[in-house]
Undergrad: 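Structure below; questions to follow.
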Number of protein chains: 2
Amino acid sequence: MTEALTDSPPQAFNELRDLIIERRDKLPRRLAQVAAYTIEFPDDIAFGTVGSISERAAVQPSTLVRFAKALGYSGFSELQAVFQERLRDRPNNYEARLQSLDEHTSGHSPAMAAIEGFSEAAIRSIERVKERVKPEDLDEAARILAAAETVYLIGLRRSYPVTAYLHYALGTLGIRTVLAGSPSGVDREILAFAGPRDAALAVSFTPYAPTTVEYTRQIVAQNTPLVSITDSPFSPLALNTSVWFEIVESDFEGFRTLAATMTLAAALAIAVAEKRRAGGRR
Amino acid sequence: MTEALTDSPPQAFNELRDLIIERRDKLPRRLAQVAAYTIEFPDDIAFGTVGSISERAAVQPSTLVRFAKALGYSGFSELQAVFQERLRDRPNNYEARLQSLDEHTSGHSPAMAAIEGFSEAAIRSIERVKERVKPEDLDEAARILAAAETVYLIGLRRSYPVTAYLHYALGTLGIRTVLAGSPSGVDREILAFAGPRDAALAVSFTPYAPTTVEYTRQIVAQNTPLVSITDSPFSPLALNTSVWFEIVESDFEGFRTLAATMTLAAALAIAVAEKRRAGGRR
DNA sequence: AGGAAAATGGAATATAAGTTCCATCACGAT
DNA sequence: ATCGTGATGGAACTTATATTCCATTTTCCT
């Protein structure tokens, strides 16, 4: 059996990469060839099979196993896992930024760790909004809300701050809104006033408050156009809705911020205001 | 054999995603369950094996194959390939990513410009929080709030969503809160109950709502410790306050999001909860 | 040049993976 | 209530994958 390393092989891709580069010229010919291939086509290592990779790298399958063992892994699969980790859970864009965040985090007070953790989660979430929200949807939502005489805002529990914000934001922009979910408790009666010439905006995340779902049903039944913000295509709000947005807030220690949702809400408010200005008064 | 589709199944991830979402509610129970899992954990589909995925998705291995076939693929492996493509050949280096981001930005609809603009503003604001907030301040604020019998939350207008969020967040963490600023209009009387063994948290930004300023004066006069979140050292809230945080939300076209404030609020909530847990009950 | 040690290619093997099949179950129509 | 269709769970089967083994070649030292 080939010699194994005394200490355990790297689990992080970057370390592994460094190790391969460092060892490269001490390795025998075929193994060096594999080393070069792994550095050049890391994605292929992550997804390929021993057979397919060996073919493309022009070596024998057994050579790949040897290579992994020479690096201290128990077999090729173990080495492959490291290459896969690199591609996993990568929230597309801000990886580098987040990584530097992680480095800062360690060694701080628990309070500061919370700040860093939530910042990281918030930035990720916002990034995702940018990627996922379709311009057409935003335009359509803005059109609906801009055309409404009154906008009914529906949001309970965690979603309530969002509707409260929109209540404020749309209010300052001269758009009449009615906020459901406040402690008044007469929401149903208020929502009964909504008609086809109004519009409603509902916000709800898992676990969806039954009341919110019920309200949206009522709204739809009254032929009032509905725009929703929710966290999954399978959310009850995503059905029967004129337009809906998917927002996935990353969590930190099981707790979620509202940063991304607030960002979308702000954009929506501005878009509505612009539509109103452009489309003339109604 | 199960029915196959007439036209070929999607090779691009986004199309596949849309297809799954569209078909979701027409699928039988177990297949719908798989559908939800694939949307929620696409990375797992890309890297897992039929065995491991079926275990985590709580279905039989055969169900995964059925799911793939129901979508028109020849088998699970073919569907998996689409999930892998999504992760392959993604540019790693930071600059390239940012560049592609910029390219997306320009030439989009005004609606999308709003999303991009607010996202940028929000991320910048959050990063500033990270830099500016002092760990000692956060610790001290958490200590004050954790020691309080009741936490009084003061926030009007744009700040109201923040206190509403804290009302919810602290509530779920088992901390008694009273929310001022809601439409009830009896805030002053409610705040009169606050004493030295309680604490208050006030949030206010320019232009500072006179009512908020007045409330904080009242609170301080009653010897209730006060934590503030505001946007300038010269804010009326920064004076006479036990601890205060400076949050500057970047604006986009004169409009401000609450992303950074929400992030700080979340961190504060967690920090308080941890202090409570660590420090025993009072 | 001769020999030992290491490296290599390729076949053999054991393991794991994906797929198929069938008995059973749930549900809707008659 | 009964029948029939479709869905489901789980075992059986087939394929392919990673790993091991060994004969052969290469390398390097004396």
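Just the heavy atoms: all of them, side chains too, but no hydrogens, waters or symmetry mates, feed the values below. Please read these numbers as outputs of a predicted model, since none were measured by experiment. All chains are named by letter (A, B, ...) in the order of the sequence lines, taking the proteins before the strands, and each is independently numbered beginning at 1.
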Undergrad: For the side chain to side chain contact (heavy atoms under 4.5 Å, CB included) test, which of A/V34, A/L64, A/L79, A/V82 pairs with A/I45?
TA: A/L79

Undergrad: Excluding sequence neighbours, so at least two apart, what forms side chain to side chain contact (heavy atoms under 4.5 Å, CB included) with B/T49?
TA: B/S52

Undergrad: Consider the side chain of B/S77, meaning its heavy atoms from C-beta on, and name the nucleotide among C/dG18, D/dT19, D/dT8 that approaches it most closely.
TA: C/dG18

Undergrad: Roughly how many Å is it from CD in A/Q80 to C1' in C/dA17, rounded to a whole number?
TA: 13 Å

Undergrad: Apply salt bridge (charged side-chain N to carboxylate O under 4.0 Å, His left out) to A/R158 and list each qualifying residue two or more places apart in sequence or on a separate chain.
TA: none

Undergrad: Specify the separation, in whole Å, of atom CG of B/L79 and atom P of C/dG18.
TA: 12 Å

Undergrad: Rounded off to whole Å, could you give me the CD1-to-P distance for the A/I53 and D/dT19 pair?
TA: 11 Å

Undergrad: When the distance from CZ of B/F76 to P of C/dT20 is rounded to whole Å, what number comes out?
TA: 14 Å

Undergrad: Rounded off to whole Å, could you give me the NZ-to-P distance for the B/K69 and D/dG6 pair?
TA: 17 Å

Undergrad: Round to a whole Å and report the spacing from CG of B/L27 to C1' of D/dA7.
TA: 12 Å

Undergrad: Measure from CG on A/L64 to P on C/dT8 and round the result to the nearest Å.
TA: 12 Å

Undergrad: Measure all distances between protein nitrogen or oxygen atoms and nitrogen or oxygen atoms of nucleotides 10-12 of chain D, and list the pairs falling under 3.5 Å.
TA:
residue, atom, partner, partner atom, Å
D/dG10, OP2, B/Q60, NE2, 2.5
D/dG10, O6, B/S62, OG, 3.1

Undergrad: Return the set of residues passing ring pair (Phe, Tyr, Trp, His ring centres under 6.0 Å) with B/F41 (not counting sequence neighbours), or none when no residue passes.
TA: B/Y37

Undergrad: Taking ring pair (Phe, Tyr, Trp, His ring centres under 6.0 Å) as the definition, give me every residue that meets it alongside A/Y165, ordered by chain and number, with sequence neighbours left out.
TA: none

Undergrad: How would you list, by chain and number, every residue that makes a side-chain hydrogen bond (donor to acceptor under 3.5 Å, both in side chains) with B/Q80, sequence neighbours excluded?
TA: none

Undergrad: Quickly work out the B/E55 CD to C/dG18 P distance and round it to whole Å.
TA: 13 Å

